[in-house]
*Asks:* 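Below are the structure tokens for one structure; questions will follow.
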Amino acid sequence: MSAKGMRNRGGKCLKAVHTVTEALKILYRQKLLPLEKYYGFSDFHSSSLEDADFDNKPMILVLGQCSTGKTTFIRYLLEQEYPGSRVGPEPTTDSFTAIMHGEMEGIIHGNALTVDPNKPFRKLSPFGTTFLNRFQCVHLPNRVLESISIIDTPGILSVAKRKMDRGYDFPSVIRWFAEHVDRIILLCDAHKLEISDEFSRTILALRGNEDKLRVVLNKADMVDSQELMRVYGALMWSLGKVFCTPEVLRVYIGSFWTAPMRITDNRKLFEREEGDLFADLQNLPRNSALRKLNDLVKRARLVRAHAYIISCLKDEMPVVFCRGKKRRDLIYDLPTIYSRIQQRYQISPGDFPDCAKMQERLMSHDFKFKGLKPKLLAGLDELLNTDIAKLMPLLRQEEEEAADQLLIQGGPLGSHRGPFIVGNPFHHSGSNGEIDQASNDEWVVSKDKAKYDEIFYNLSPHEGKLTGTKVKEWMLRTHLPSSVLGRIWKLADVDCDGKLDDEEFALAGHLIEVKLEGFGLPHELPTHLLPPSKRHRKNSEITDDD
């Protein structure tokens, strides 16, 4: 920054900041917020930003029609259930749920949530009590949530239920979340490709945030290859009708749940697609500062255009007579006013707000506007032309420091070593239930050890151990997703040597049977599952750590 440095109202020098996020907060409070207040920006567009909007972790918004697997997708990412989650064939999620990290499990309801200054949801209160009664925040001690937060949403109503009234403006709520999240996951069902009226309105609410959108064709293991090709084409055609953009949307294909695959013809395709999607999500913490910078620049450009529009309307309005007629004429002639401002001040058409929405908001306004204030606009121009550019070295430094780090740990978004790592990053964390307990002295796998030994020796072990390649081929026959098999491998490979001996192989077989019976996997391997020959080694490691 300049030698004098810039100071916000609190007196802090911008040149002394150590992070991009801290600098953006100072720039916003000093140069953008005064302009927003002076021209009533929040009356026409989004409300002013708070510190929590800059400090919050990257958020993922999960959207989709009823029964497309939104909650199941979130459970798949977290590898555990969260309080209040329900899964079923009918619409079961009827609330917006913000799933965030916390040391203790708990639920904060919407009315209390919107007064918490540490949460980025304070500006949701204008949507009313009906919405707030359907909004909650769940705290969960989960490793994935240490780096990101997830927003679960009610299912978008189908054509048959389009006349149902939610009691609040659902598309407007979606628009608010779309503006504040880092990634939007739109889930589609391979058996449910119709675009309902509410679905169309919801997609329209995402306008301007298409760069954050990722489409997932879920439950793809329920159709064969030929049918999947037709479903994919139908989905692209349906989405093309409502998005109206020349760019082709990126659609990820897969089945994001832990149940065995019904049709395994496209297993490798699903694993590659899952790997691509998770790699994209893995970059969210790394690119968080860049996203906030981009959003602030986008907002600053909109504020600048808004200031010129308001000042122009102020100049055109008569002081006393014929104000009503002139007000109607100005609203009708707003497209012409846009063109005049673009030519006079050399502002890009993309910086202007939607003309129809601006006209709608002007209809209910009293037209008591303020004129042009060059000093405020000069500060905004300095922000866009100089200050943001000076932040780029600090941004690159933060990106370089995070380049070699795996910022999201836990769940399938993390990583681990094993034969299932190719094209599919996973990491063990969480469970859906508990395995039956037994005495610590008894190894519960012993009763089936002979059965697993027969399979083990038929696979031709070398020096008493099977390589990951041979075990992987055998495990894939269960049709369980690779993310689940990866967790089983991690648990079974007790000595972490990349191979399984007869006891570890028997343990892997036992865990597979437990999973196929519908039980969850343990967070860590309990003593009663630990092979007897490995217990002394594990105990020694624990003692050494102490």
Side-chain angles (χ1 to χ4, degrees), residues 60-77 87-93 96 150-162 170-171 174-175 177-178 181 183-207 209-245 247-259 261-263 265-267 269-278 280-281 481:
I60 300 172
L61 179 67
V62 182
L63 290 173
Q65 296 190 82
C66 298
S67 302
T68 53
K70 298 182 299 300
T71 304
T72 303
F73 175 82
I74 295 173
R75 288 172 53 184
Y76 187 76
L77 292 182
V87 175
E90 293 298 324
T92 50
T93 301
F96 284 83
I150 304 174
I151 311 294
D152 195 6
T153 61
I156 299 172
L157 300 179
S158 62
V159 176
K161 298 182 176 67
R162 65 188 178 198
F170 182 77
I174 294 296
R175 184 181 301 111
F177 277 109
V181 301
R183 187 67 77 237
I184 304 168
I185 304 294
L186 179 62
L187 284 168
C188 299
D189 191 331
H191 292 88
K192 190 181 296 183
L193 298 180
E194 73 275 6
I195 304 294
S196 65
D197 292 346
E198 188 173 66
F199 200 176
S200 298
R201 292 195 299 270
T202 301
I203 291 176
L204 290 175
L206 303 178
R207 288 277 177 88
N209 297 285
E210 289 85 358
D211 58 316
K212 303 177 182 179
L213 183 64
R214 304 292 184 268
V215 180
V216 174
L217 179 58
N218 198 21
K219 304 182 182 180
D221 69 314
M222 302 179 72
V223 295
D224 58 29
S225 299
Q226 185 177 19
E227 188 65 24
L228 181 61
M229 179 181 64
R230 293 172 178 167
V231 167
Y232 179 83
L235 174 63
M236 296 297 291
W237 180 79
S238 298
L239 293 176
K241 291 193 302 181
V242 289
F243 274 104
C244 302
T245 57
E247 297 85 4
V248 178
L249 290 169
R250 175 64 164 100
V251 177
Y252 298 89
I253 306 173
S255 292
F256 295 88
W257 52 10
T258 59
M261 293 185 182
R262 299 194 181 182
I263 300 176
D265 297 352
N266 299 299
R267 183 185 191 109
L269 170 65
F270 298 161
E271 291 179 0
R272 288 195 296 269
E273 292 285 283
E274 180 180 300
D276 289 346
L277 176 60
F278 289 169
D280 179 75
L281 299 181

*Asks:* Search all heavy atoms of Asp221 against all heavy atoms of Met261 and return the closest pair with its distance.
*Replies:*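 Taking Asp221 first and Met261 second, the nearest heavy atoms are OD2-CA, 3.3 Å.
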
*Asks:* Taking all atoms of both residues into account, what is the closest heavy-atom pair of Ser255 and Ala220, and its distance?
*Replies:*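 Minimum heavy-atom separation between Ser255 and Ala220: OG-N, 3.1 Å.
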
*Asks:* If you define the side chain from C-beta out and look only at heavy atoms, does anything of Ile253 sit under 4.5 Å from Phe270?
*Replies:*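 Heavy-atom side-chain distance check passes, below 4.5 Å.
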
*Asks:* In Å and rounded to the nearest 0.5 Å, what is the CD1 to CG distance from Ile203 to Leu213?
*Replies:*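 So the gap between those two atoms works out to 8.0 Å.
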
*Asks:* Hey, could you give me the CD1/CG distance between Ile150 and Asp152, rounded to the nearest 0.5 Å?
*Replies:*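 Answer rounded to 0.5 Å: 9.0 Å.
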
*Asks:* To the nearest 0.5 Å, tell me how far Leu269 CG sits from Leu228 CG.
*Replies:*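 So the gap between those two atoms works out to 7.0 Å.
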
*Asks:* Looking only at heavy atoms, what is the nearest atom pair of Tyr76 and Pro481, with distance?
*Replies:*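 So the two residues come closest at OH-CB, 4.3 Å.
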
*Asks:* At what distance, to the nearest 0.5 angstrom, does CD1 of Ile151 lie from CD1 of Ile184?
*Replies:*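 Between Ile151 CD1 and Ile184 CD1, I get 11.5 Å after rounding to 0.5 Å.
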
*Asks:* Would you say Ser67 and Asp189 are linked by a side-chain donor-acceptor pair, where the criterion is simply a distance under 3.5 Å?
*Replies:*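 No, no side-chain donor-acceptor pair sits under 3.5 Å.
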
*Asks:* Does the pair Asn209 and Phe177 meet the rule for a side chain to side chain contact (heavy atoms under 4.5 Å, CB included), with working shown?
*Replies:* CA-CA 10 Å; Asn209 297 285; Phe177 277 109; over 6 Å; no

*Asks:* What heavy-atom pair brings Met222 and Arg262 nearest, and what distance separates the two atoms?
*Replies:*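 Looks like CE-NH1, 3.4 Å.
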
*Asks:* Do the side chain of Lys70 and the main chain of Gln65 share a donor and acceptor less than 3.5 angstrom apart?
*Replies:*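 Side chain of Lys70 to backbone of Gln65: a pair is present.
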
*Asks:* Quick check: do Leu204 and Pro171 have side-chain heavy atoms less than 4.5 Å from each other?
*Replies:*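 They are not in contact (no side-chain heavy atoms under 4.5 Å apart), so the answer is no.
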
*Asks:* So how far is it from Thr68 OG1 to Lys219 NZ, rounded to the nearest 0.5 Å?
*Replies:*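 Going from OG1 on Thr68 over to NZ on Lys219, the span is 6.5 Å.
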
*Asks:* Measure up the Phe73 and Phe256 rings against each other and bin them: parallel (under 30°), tilted (30 to 60°), perpendicular (over 60°).
*Replies:*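 Phe73 and Phe256: perpendicular rings.
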
*Asks:* Is Asp280 salt-bridged to Arg250, going by a charged N under 4.0 Å from an acidic O?
*Replies:*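 Looking at Arg250 together with Asp280, the answer is no, because their closest N to O distance does not fall below 4.0 Å.
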
*Asks:* Does any non-hydrogen side-chain atom of Tyr252 lie less than 4.5 Å from one of Ile185?
*Replies:*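 Ile185 does not reach Tyr252 side chain to side chain.
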
*Asks:* Quick check: closest heavy atoms across Leu61 and Ala178, and the distance to 0.1 Å?
*Replies:*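 Here Leu61 and Ala178 meet closest at CD2-N, 4.2 Å.
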
*Asks:* Drop me the distance from Phe199's CZ to Cys66's SG, to the nearest 0.5 angstrom.
*Replies:*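 Spacing of CZ (Phe199) from SG (Cys66) equals 11.0 Å.
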
